[in-house]
Each structure stands twice: as C-alpha cells, then as structure tokens.
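See structure below.
Throughout, protein chains are lettered first and strands after them, A, B, ... in sequence-line order, and every chain is numbered starting at 1. In this text the structure is predicted, and so the values were computed from the model without any measurement.
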There are 4 protein chains.
Amino acid sequence: MSKEKGLKGKESKARIKAAAACEFAKHGFHQTKISNIVKRASLTQPAFYLYFSSKDAIFNELVHEFRTKLWKLIETQRLSPLMEKDELIKQMTASIEKLFEFFAEDPNLTRIGLVLAPDSEIFKEKLIRLLADNLHFEQRSGTFRLELSMEIVAVCIFGMIEQLIFQCLLKNKSNPKKLAEEVVKLVMSGMMEFGSA
Amino acid sequence: MSKEKGLKGKESKARIKAAAACEFAKHGFHQTKISNIVKRASLTQPAFYLYFSSKDAIFNELVHEFRTKLWKLIETQRLSPLMEKDELIKQMTASIEKLFEFFAEDPNLTRIGLVLAPDSEIFKEKLIRLLADNLHFEQRSGTFRLELSMEIVAVCIFGMIEQLIFQCLLKNKSNPKKLAEEVVKLVMSGMMEFGSA
Amino acid sequence: MSKEKGLKGKESKARIKAAAACEFAKHGFHQTKISNIVKRASLTQPAFYLYFSSKDAIFNELVHEFRTKLWKLIETQRLSPLMEKDELIKQMTASIEKLFEFFAEDPNLTRIGLVLAPDSEIFKEKLIRLLADNLHFEQRSGTFRLELSMEIVAVCIFGMIEQLIFQCLLKNKSNPKKLAEEVVKLVMSGMMEFGSA
Amino acid sequence: MSKEKGLKGKESKARIKAAAACEFAKHGFHQTKISNIVKRASLTQPAFYLYFSSKDAIFNELVHEFRTKLWKLIETQRLSPLMEKDELIKQMTASIEKLFEFFAEDPNLTRIGLVLAPDSEIFKEKLIRLLADNLHFEQRSGTFRLELSMEIVAVCIFGMIEQLIFQCLLKNKSNPKKLAEEVVKLVMSGMMEFGSA
DNA sequence: AATGAATGAGGCTTCATTCAT
DNA sequence: CATGAATGAAGCCTCATTCAT
C-alpha cells in the first residue's frame with residue numbers, strides 16, 4: 001500500500017533518463033539542453049530537478065549504470081583456464097559476441113559510456129588492464145606467443161572492438177556473431193596466407 | 001626592417017592557433033573559451049577576431065589542417081604492389097611507424113582531428129574505406145587469407161592504431177617503432193602459438 | 001485562483017512591450033538596449049527572451065501591430081462615392097480626424113511605425129498609392145480638378161499629415177479636430193484670397 | 001609653396017567625407033561602421049582619425065554643412081513683398097524649384113540632414129517657423145485667406161516638400177520644375193473643381 | 001601621409017537552476 | 001507530482017578608437 005506510492009514518479013524518472021540518454025548520445029554533453037531533455041520526456045524543467053540534482057548528476061548516473069553493467073558482464077565472461085585450442089576459440093568468440101550484444105542493446109548508453117564521458121579514456125585503460133592480465137595468464141600457459149607484448153595486444157583488441165562497435169555494429173552493417181568471429185579469426189591466426197616461409 | 005612586413009601578425013595568428021589547439025585538446029570544443037585561448041596567447045579577445053572569424057572557424061581550420069596533412073602522408077605511404085612477404089612486412093611496419101610519428105608530432109591536433117571534431121566518425125570511415133581498398137588489392141594478389149573480410153579487417157586495424165595512439169603513444173608508454181612492429185606482428189601472424197593444430 | 005492561468009505571463013509580456021515601445025521611440029532601434037527595456041519593465045534580461053526571441057523580433061512585432069491597426073482603420077474610412085461637396089468635406093474631415101486620433105493614441109508606436117522602421121519609406125509608399133487610387137476615383141467623378149496629378153497630390157497630403165503629426169499633434173500644439181479641419185480647408189480650397197483675377 | 005602642402009591630405013579628407021555621406025545615407029548612423037567608410041575611401045582606419053576626431057564629429061560636420069547651405073539658399077529666396085498675384089505664383093514656383101534642385105544635388109546629405117540627424121525634428125521646426133513668419137507677412141498683406149492658420153499651413157507646406165523629396169524627387173519619379181508647379185497649384189488654389197456652389 | 005596591429009568597453013543571447021504555487 | 005515564471009552567471013562577438021612605426 002505504501003510501496004505502491006511513487007509509481008508515476010518512477011515512470012517520469014525513467015522517461016527523463018531515456019530522453020537524456022538519447023539527447024546526450026546525439027548531441028554530446030554540452031550541447032544537450034535540459035530544456036530538450038524534458039521536452040522529449042513531455043515534462044517541464046522543474047520536474048527534472050525533482051529526480052536529478054543537476055545535469056552532471058544525470059549524466060554521471062547514466063555513465064555509472066553503463067559501466068556497472070559492463071563490468072558485471074565482463075566478470076561473468078572470464079575464460080576458463082587451460083582449455084584446448086578449439087575450445088578456447090569457441091569460448092572467446094562467444095564472449096566477444098556477448099560483449100557486442102551488450103553494446104548493441106543500448107547504443108545511447110554505449111556512446112555515453114565509451115566516448116562521451118570525460119574520463120572514458122581512464123575507464124578504457126582499466127578495461128584494457130583487466131584484459132591484459134587475462135592475456136598474460138594465457139600467455140604464461142603457453143597459449144599465446146611469447147614474443148608478443150600482452151599489454152599492447154590488449155590495447156589492440158580493445159581498439160578493434162571499439163571501432164567495430166561504432167563503425168559496424170551501431171551502423172547495423174553487421175551483427176554480433178559475425179563480428180566476433182572475424183575478430184577472433186584475425187587476432188588468433190593473423191592475416192597472412194599459409195605456406196609463407 | 002623591411003623583412004618584417006606582416007611578420008608580427010603572422011606570429012600572433014600562429015600563437016593563437018597553438019593556444020587554441022592546446023585548449024581544445026584539453027577541454028573540448030564547448031568548454032574552451034576564447035578568453036582562455038587569447039590569454040594563453042598573451043592577447044586580448046578582439047585580437048582573436050583579427051585572425052579568425054569565430055570559434056567554429058578556428059576549430060575547423062585546425063581540423064582541416066590535420067586532415068589534409070594526414071591524407072597527404074597516407075597517399076605517400078601506399079604499399080608497392082606485389083612484394084615478397086618479408087619486404088611487405090618491412091614496408092608495412094615502416095608505414096605504420098611513419099603514421100605513429102605523425103600523430104605523436106602534434107598530440108593536440110591528433111586529438112582534435114580524430115576525437116573532438118563532430119564529424120570525426122565520418123572522417124574515420126573514409127580512412128577505413130581507403131585502407132579496405134588497399135587490403136582488398138593485396139588479398140586478391142594472394143597475400144592475405146581469403147576467408148577474412150577486408151572491410152572488417154580494415155576497421156580492426158584502424159581501431160588498433162587509434163587505441164594505441166591514445167593509450168600508448170600519447171601517454172609516452174611506447175614509441176612509434178615499437179608500436180608499429182607489434183601491430184604488424186599481431187596482425188600478420190596472429191596470437192596463437194605454433195604447432196597447435 | 002483559476003482565472004489567473006497564464007495571466008502573470010501576459011502581464012509581463014505587455015509590460016515589456018510597452019517598455020520597448022517607449023525606449024525605441026525615445027532612442028531609436030540601435031541605441032535601445034535590452035537591459036534598459038527590462039529595467040523599465042522591472043524584470044531581468046533572460047525574462048525578455050521568455051517572450052520575444054530577439055531585439056529584432058520585438059521591434060518587428062511592434063511595427064507589425066502598428067501597421068495592421070492603421071491599415072484596418074484606413075479600410076473602414078473609405079469615402080462613400082458620389083457625394084455632394086459639403087458632405088464630402090465633412091466626411092474627409094471626419095476621416096482625417098480619426099486618423100489623427102489614432103496616431104495620438106500611441107505616440108511611441110506612431111514614431112516606430114512611421115519613422116524608425118527601416119522599411120517605413122516603402123510602407124508610406126503603399127499608403128500613398130492607396131490614397132492616390134481613391135483620389136483618382138474622385139477626380140474622374142469630377143470632384144477634383146483635372147489639371148492636378150493625383151499621384152503628386154497624394155504624396156502632398158500624406159506629407160502634410162505626417163508633418164502635422166510630429167510637429168503639432170505629438171507636441172500637443174493642436175488637436176485632431178482642429179488639424180483635420182485645417183488640412184481640409186487648405187487642400188480643398190487653397191490659400192489664395194478670392195476675387196483674385 | 002607652403003600652401004601647396006596638404007593637397008593629398010585634402011583629397012583624402014574629401015574622399016572620406018563622401019564615403020561617409022554615402023554610408024550614413026544608406027545605413028543610418030549606428031549601422032555605419034568606420035571600417036566601411038574607410039574601405040570605401042580606400043584608406044585604413046587610423047587615417048580616418050587623421051581628419052576627423054570621431055564618428056560623431058564627421059557626422060556632425062556633414063549635418064552642419066547641409067544645414068548651412070540650405071539656410072543660405074533659403075535666405076536668398078525670400079519673396080519680394082507686395083507682388084501681384086501672378087508674379088507671386090511665379091516667384092513661389094521658382095523658389096520651390098530651386099529648393100528641390102538643392103535637395104536633388106546631394107541626396108546623401110539631404111537624407112542625413114533631414115532624416116538621420118537626431119535633432120532633425122528641431123531643425124525642421126526652425127525652418128517651419130521661418131516659413132510661417134513669411135506666410136504671416138503675406139497674409140497680413142491680404143494675399144492669403146485670413147481664416148487659415150499660417151502656423152499650420154507652414155507645417156503642411158514643409159511636409160509636402162519633404163515627402164515629395166523622398167517619394168518623388170530622390171526616386172527620380174519627377175523633376176524639380178514639375179514638382180514645384182504642382183505644389184504651388186495645389187497650395188494656392190486647392191483641389192476643388194470650380195462652380196461648385 | 002598612412003598603416004599593421006591591438007585594445008577597452010559593452011551589448012546580445014543562452015542555459016542551468018530555483019521560487020512560488 | 002508538476003508547472004509557470006523568473007533569474008544569475010557567463011560567453012561570443014562587435015566596434016570605435018589608439019599605439020608604434
């Protein structure tokens with residue numbers, strides 16, 4: 001009976017959040033105006049401040065939401081150790097596919113969290129470090145070539161994924177599965193034709 | 001005495017440009033204030049408008065300058081066709097090294113042209129298309145594996161390079177030569193240890 | 001409580017409009033500052049932009065308002081055709097008196113619409129053309145002397161009225177009725193004493 | 001030998017003055033920019049201040065020049081007293097023609113002196129008072145009908161002339177002689193057809 | 001006699017945010 | 001829960017004017 005209260009409020013807040021995500025993604029932080037957010041949410045400006053303390057606040061909330069979800073996803077996707085090669089490739093492909101699916105699910109949040117947030121470079125750095133650690137582990141297990149720097153490889157893999165997100169996935173030029181397969185093919189075996197040397 | 005004709009003006013314009021590049025790179029377009037640009041250039045606000053017609057104008061000039069230079073560099077770096085494998089790798093490495101050197105030369109412009117410009121995604125798309133065409137050519141010559149989509153590979157390579165620029169090169173964690181070598185190693189031969197089959 | 005819906009806003013807008021008319025009339029368009037308009041209306045600058053999109057906008061609105069009202073007045077004041085001489089003079093006098101009354105009612109708008117508006121000369125031209133057409137009609141009916149160019153007479157009559165507005169009416173040196181009578185006397189019968197020739 | 005000096009300077013000053021008159025007449029005082037004046041005069045901004053102390057100064061100089069010339073012209077055009085009717089009309093026509101010729105000679109100055117100058121209304125008032133005095137004199141001589149207020153008639157005549165200047169003369173729709181004749185016809189004998197009761 | 005370079009002052013406009021209801 | 005009305009703060013840009021040469 002008391003829990004019921006606030007239902008309309010929650011809807012309004014959600015509408016504002018969705019509207020904001022859309023506007024931020026389309027125009028960036030500074031060119032997004034509160035007035036446009038509330039217009040899109042069919043509300044008025046003071047209503048905005050009923051649910052968010054400031055423009056920064058809602059932006060940060062969106063960023064935080066995105067990052068939390070992404071981080072959780074990644075933690076559930078850790079590779080099982082000491083697999084066979086085929087199995088490894090299959091798992092990697094599945095993991096990356098899941099990642100792409102996540103990014104495709106909410107393009108607005110993806111852009112906000114990966115591009116627009118002022119500290120996105122630092123966030124990416126963290127993700128990359130996480131990836132590098134995992135790769136290191138595999139490398140020490142003999143899965144990956146020793147002559148490669150896993151730090152740099154991690155940066156590369158992340159760069160590929162990010163670029164594929166914005167140039168292919170969010171432009172609907174391809175789908176998560178296909179992209180994941182291609183990345184893995186490239187990264188695992190390289191571009192060169194066999195028989196060389 | 002006679003040589004200085006218009007020299008002071010050119011110096012002022014250059015100082016403004018450098019100051020602007022610095023401010024834009026550090027704070028982004030909207031948070032960069034003309035007042036700060038001219039302060040950094042040791043001038044007053046109206047002086048700015050002696051040399052540039054608006055904030056947009058100088059920003060676009062910087063973007064245009066960056067892109068023109070980059071495009072020229074790339075055009076001089078086309079791979080010679082039909083090389084042997086070793087030679088190919090050497091050339092690719094050299095080309096990519098040159099690229100990294102270019103980006104490292106003016107980090108401010110690099111950030112402005114690749115990240116901050118509102119149409120940078122479209123610009124990247126063009127670069128990627130150019131790269132994809134070149135790769136296609138090589139693929140048809142039998143250099144690259146047929147099962148890979150050169151469109152996607154092009155996106156991947158560009159993504160790697162971009163990420164390496166911002167995560168390694170501009171943070172001085174590595175140098176152009178090293179980065180170029182690592183990218184080529186990874187992209188040409190993949191990560192997998194041999195003998196796995 | 002329920003009647004006041006939007007009332008305060010309308011009052012503010014009206015206050016701004018009146019203040020603007022006053023300032024424009026006193027100082028002209030360019031020397032009128034938004035800051036002074038709002039000061040006179042007991043508001044702050046941003047409030048101005050709640051009701052008008054720019055300085056130009058409010059000026060044009062005032063001009064448009066004046067012209068619309070004036071045009072409507074003139075259309076209701078058309079002379080009935082084919083009257084006797086005495087009746088004609090009475091009607092003309094009444095019409096012109098109404099005109100003067102209109103101009104005296106809002107001196108600010110009058111100055112804005114007739115003098116300050118950048119296209120006021122063109123507007124006057126239109127009014128004069130309208131007047132000329134009417135005079136032509138009367139001339140063909142035999143009321144006015146054929147040797148006079150009604151185009152030029154129309155210009156003259158308009159010139160008299162305008163000058164009387166600014167030199168007599170708005171300086172309170174005379175009143176609409178008196179002025180109308182004098183104009184008609186002069187224009188109908190001329191200055192010359194009878195019996196001449 | 002010493003008088004010769006300054007010839008080039010005088011030319012420059014004259015060029016600036018002409019340019020200023022043109023710009024002021026076309027755009028009004030506030031929208032006229034020094035930068036445009038000197039551009040039109042093929043000079044640079046500091047050169048302007050070699051000859052005029054400020055924007056106001058040159059404007060006032062132009063206004064003063066116009067008014068001085070006009071005043072002189074009017075003083076030489078006083079009607080000879082106690083003429084016969086035909087002679088009076090001839091003289092009036094000639095006088096007014098001369099006036100129109102004066103205004104047509106320098107349209108820019110005319111607009112500046114009669115419309116643009118902020119105190120032009122007061123200046124016109126003076127002219128009108130002068131005219132009214134003359135008319136009074138004639139009226140007392142029995143030339144003009146006693147029932148007319150010469151003050152108001154003076155305003156009317158001035159209004160006609162001014163309107164004819166801007167609506168006919170400066171638009172090249174008529175010439176000084178024709179306009180003078182029409183004004184005199186109208187003002188002397190009125191519009192009404194004879195024989196009317 | 002003239003110019004390239006620079007500036008002080010000030011106006012218009014925008015926007016996040018708040019008050020009173 | 002929501003709104004109409006209002007504001008403080010700040011940025012871009014323009015222009016008359018001057019300095020040094």
Side-chain angles (χ1 to χ4, degrees), chain A residues 5-13 30-38 42-57, chain B residues 1 4-13 30-38 42-57, chain C residues 1 4-13 30-38 42-57, chain D residues 5-13 30-38 42-57:
Chain A
K5 178 214 129 196
L7 198 150
K8 202 176 170 200
K10 264 177 195 163
E11 271 174 14
S12 292
K13 179 166 182 175
H30 286 97
Q31 278 187 297
T32 291
K33 296 182 274 184
I34 303 282
S35 61
N36 286 335
I37 293 177
V38 294
S42 306
L43 282 167
T44 56
Q45 303 214 28
F48 176 91
Y49 292 90
L50 246 42
Y51 302 106
F52 303 94
S53 62
S54 69
K55 189 180 166 185
D56 280 272
Chain B
M1 206 192 234
E4 315 182 15
K5 191 63 176 175
L7 195 139
K8 205 175 168 206
K10 264 176 197 162
E11 271 172 11
S12 292
K13 181 168 181 175
H30 286 96
Q31 276 188 301
T32 291
K33 293 177 270 181
I34 304 278
S35 61
N36 286 335
I37 294 177
V38 295
S42 306
L43 283 168
T44 57
Q45 291 221 37
F48 177 90
Y49 294 91
L50 284 177
Y51 303 105
F52 302 95
S53 61
S54 68
K55 191 177 157 184
D56 279 87
Chain C
M1 204 193 236
E4 313 182 16
K5 190 63 176 177
L7 196 139
K8 205 174 168 206
K10 265 176 196 164
E11 271 172 11
S12 292
K13 179 168 183 174
H30 286 96
Q31 276 187 301
T32 292
K33 293 176 269 181
I34 304 276
S35 61
N36 287 334
I37 294 177
V38 295
S42 306
L43 283 168
T44 56
Q45 292 220 36
F48 176 90
Y49 293 91
L50 283 177
Y51 303 106
F52 303 95
S53 61
S54 68
K55 191 177 157 184
D56 280 87
Chain D
K5 176 215 129 194
L7 198 149
K8 201 175 171 201
K10 263 177 196 164
E11 270 174 15
S12 290
K13 179 167 182 175
H30 286 97
Q31 278 188 297
T32 291
K33 295 181 276 183
I34 303 282
S35 62
N36 286 336
I37 293 177
V38 295
S42 306
L43 282 167
T44 56
Q45 302 214 28
F48 176 91
Y49 291 91
L50 246 41
Y51 302 105
F52 302 95
S53 61
S54 69
K55 189 180 166 186
D56 280 271

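To the nearest angstrom, C1' of dA1(E) lies 12 Å from CD of E11(D). Rounded to whole Å, the distance from CD on Q31(C) to P on dT14(F) is 20 Å.
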Atom pairs and distances, side-chain donor-acceptor, residues 48-55 of chain C, under 3.5 Å, sequence neighbours left out:
residue : atom : partner : partner atom : Å
S54(C)  : OG   : D56(C)  : N            : 3.4
S54(C)  : OG   : A57(C)  : N            : 3.0
K55(C)  : NZ   : F29(C)  : O            : 3.1
K55(C)  : NZ   : T32(C)  : O            : 2.9

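Using a 4.0 Å heavy-atom cutoff across all strands shown, Y51(B) reaches sugar-phosphate atoms only and no base atom. At the heavy-atom level, L50(D) lies under 4.0 Å from base atoms of the strands shown.
Every residue meeting the side-chain contact (heavy atoms from CB on, under 4.5 Å) condition with Q45(C), not counting sequence neighbours, appears here in chain and number order: I34(C), S35(C), V38(C).
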Which letters describe nucleotides 14-21 of chain E, given B = protein heavy atom under 4.0 Å from base, S = only from sugar-phosphate, - = neither? BBSBBB--

Could you provide the dot-bracket string of DNA chain F, using ( ) for intrastrand pairs, [ ] for crossing pairs and | for bases paired to another strand, with Watson-Crick or G-U pairs below 3.5 Å? .||||||||||||||||||||

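At dA6(F), one or more side-chain N or O atoms of S12(C) fall inside 4.0 Å of OP1 or OP2 (strictly under the cut-off).
Separating the CG atom in L43(D) from the OG atom in S12(D) is a distance of 5.0 Å, to the nearest 0.5 Å.
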